[in-house]
Novice: 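Questions regarding the structure given below will be posed in turn.
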Protein chains: 2
Amino acid sequence: MVNKQGAAEHLILSAAKKIFSAKGKDGTTMQEIADEAGINKALLHYYFRNKDLLFEKVFFAELQKFSPILKTAIASDAPLFEKIEKLCETYIRMAINNPFLPVFVISEINKQPEIFIHRMFQNNLPDFQKFSKQIEREIELDTIKPILPPHLIMNILSMCVFPFLLKPMFVHGMKINKDLYNDLMLQRIQEVPAFIINSIKK
Amino acid sequence: MVNKQGAAEHLILSAAKKIFSAKGKDGTTMQEIADEAGINKALLHYYFRNKDLLFEKVFFAELQKFSPILKTAIASDAPLFEKIEKLCETYIRMAINNPFLPVFVISEINKQPEIFIHRMFQNNLPDFQKFSKQIEREIELDTIKPILPPHLIMNILSMCVFPFLLKPMFVHGMKINKDLYNDLMLQRIQEVPAFIINSIKK
DNA sequence: GTCTATAACTCGATAGAC
DNA sequence: GTCTATCGAGTTATAGAC
């Protein structure tokens, strides 16, 4: 709001985040971003050189903040149920605080998988192998019902992230208002891990 | 493959389906589609008049085939567990046979929710209200554990559809090859409803 | 740093020959 | 029906004044 050094740069970044999120990279024009930021089109190029660099600046910076958090949660030595609770909370809070991220990740990952994965994790993927071993160990110990680790992992990710992708469907199609939807998402921090643990525990 | 009447039209449609699915409507150029189809750009306009009409022809035709199937499955009078099994099978088979559809639906629904929902269901949405009542009745009868219907509905949709959106992540990021991935998806036709029913049954 | 003006380019669409 | 050639709108990107 206040005119300071770096104010324009910040205005551009948050305007870009907003418009890119709503319309995707290709659907957005530099003019729209400039208008939203209340500045001139040429300034976008002055600060960020071109559209691609602006786009990357906006999203990869945001994503990389979460990459280490996720890696830590997945590789931790916590007991399985505790880890599942932690993972769900991490994913869901991330999405609540950054409603644009899930859509962005899914569309980018389906356009340029190699490039995206490389940028997101910098050649240092979360250790799903270790998590799989932990699941298999619990099955052997007979503390949970048999399930292939990839299925359990997919179930966790799915229930945490997918509802955010469906938000417009619920809000527009089924007349669930936005506040109610956000309440539902908050509930899911407890609801999802409980649902999962109910299903697998012996 | 064979040169016949209607061959070009068919080549265009499947080329368009492929490229649109990967890059989205805005990210795709008519030139790319023409190249993929091995024909000339002008032919695209000859057959489909313009880009928007081509896009709609490709996707809404496909989607509308499924709209009545889904509506029937959701509104049926089958017992709850049976209905859940049927729904999962319907969603997962749909996605297996049309790997491009989930990405398309999610990105479109997040760009233009009203328009998309209207086109997809022609003002005649699936009756989730009825499904919700059915869930609430089972809870009252004490045959399943208490859960808010929207959560259960989200869980079902999520576990059926989301894994298809993550395919590139599994295939590229975690070196799971495509055949194995498809096997996993087929398993989920049984796996997902079992996981859900395990979680909610008393 | 910020602006106006415009150059350079991409892409959808059409004209017209065959 | 299919092609080549080209137009024109819309966008990215830059030059240059302040």
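None of the values given here were measured: they were computed from a predicted structure.
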Novice: Rounded to the nearest Å, what distance is computed from the CE atom of residue B/M30 to the C1' atom of nucleotide D/dT4?
Specialist: 17 Å
Novice: Report yes or no: do B/D183 and B/Q187 form a side-chain donor-acceptor pair below 3.5 Å?
Specialist: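 B/Q187 and B/D183 do not have a side-chain donor-acceptor pair below 3.5 Å.
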Novice: Quick one: does B/N50's side chain have a donor or acceptor within less than 3.5 Å of a partner on B/L53's backbone?
Specialist: yes
Novice: Determine, using ring centers only, whether A/F20 and A/F55 are less than 6.0 Å apart.
Specialist: yes
Novice: Let me know the distance between CD1 of B/I19 and C1' of C/dC11, rounded to the nearest Å.
Specialist: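 It is 15 Å, rounded to the nearest whole Å.
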Novice: Just the rounded figure in Å: distance from C1' of C/dG1 to CD1 of A/I12.
Specialist: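 Taking atom C1' of C/dG1 as the reference, CD1 of A/I12 is at 11 Å.
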Novice: Side chain of A/K86, backbone of A/I74: donor and acceptor closer than 3.5 Å?
Specialist: no
Novice: Measure from CD on A/E9 to P on C/dG1 and round the result to the nearest Å.
Specialist: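 Rounding to the nearest Å, CD of A/E9 and P of C/dG1 are 9 Å apart.
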Novice: Are A/I139 and A/K145 side-chain neighbours, meaning at least one heavy-atom pair lies under 4.5 Å?
Specialist: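 Not touching, per the 4.5 Å side-chain cut-off.
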Novice: Whole angstroms only, please: what is the CG-C1' distance between A/D35 and D/dT12?
Specialist: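 It is 15 Å, rounded to the nearest whole Å.
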Novice: Could you tell me whether the side chains of A/H151 and B/E191 share a donor-acceptor contact shorter than 3.5 Å?
Specialist: no
Novice: Under 4.0 Å between a side-chain nitrogen and a carboxylate oxygen: does that hold for B/K130 and B/D77?
Specialist: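 B/D77 and B/K130: salt-bridged.
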Novice: Could you state the atom-to-atom distance from CG of A/N50 to P of C/dC9 in whole Å?
Specialist: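 So the CG-P distance, A/N50 to C/dC9, works out to 15 Å.
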Novice: Please round to 10 degrees the angle between the axis of the first five pairs and the axis of the last five pairs in the helix from C/dG1-D/dC18 to C/dC18-D/dG1.
Specialist: 10°
Novice: To the nearest Å, give me how far apart CG (B/L11) and P (D/dT2) are.
Specialist: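 Taking CG of B/L11 and P of D/dT2, I get 10 Å after rounding.
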Novice: Could you list by number each residue of residues 36-48 of chain B showing a heavy-atom separation from DNA chain C of less than 4.0 Å, or answer none if no residue does?
Specialist: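 B/K41, B/A42, B/H45, in order of number.
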Novice: Return the value, rounded to whole Å, for the distance between atom CD of B/E32 and atom C1' of C/dG12.
Specialist: 13 Å
Novice: Do the side-chain N and O atoms of A/N155 and B/R188 include a donor-acceptor pair separated by under 3.5 angstrom?
Specialist: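 Short answer, yes.
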Novice: Can a salt bridge be assigned to the pair A/E108 and A/R119 using a cut-off of 4.0 Å between side-chain N and carboxylate O?
Specialist: no
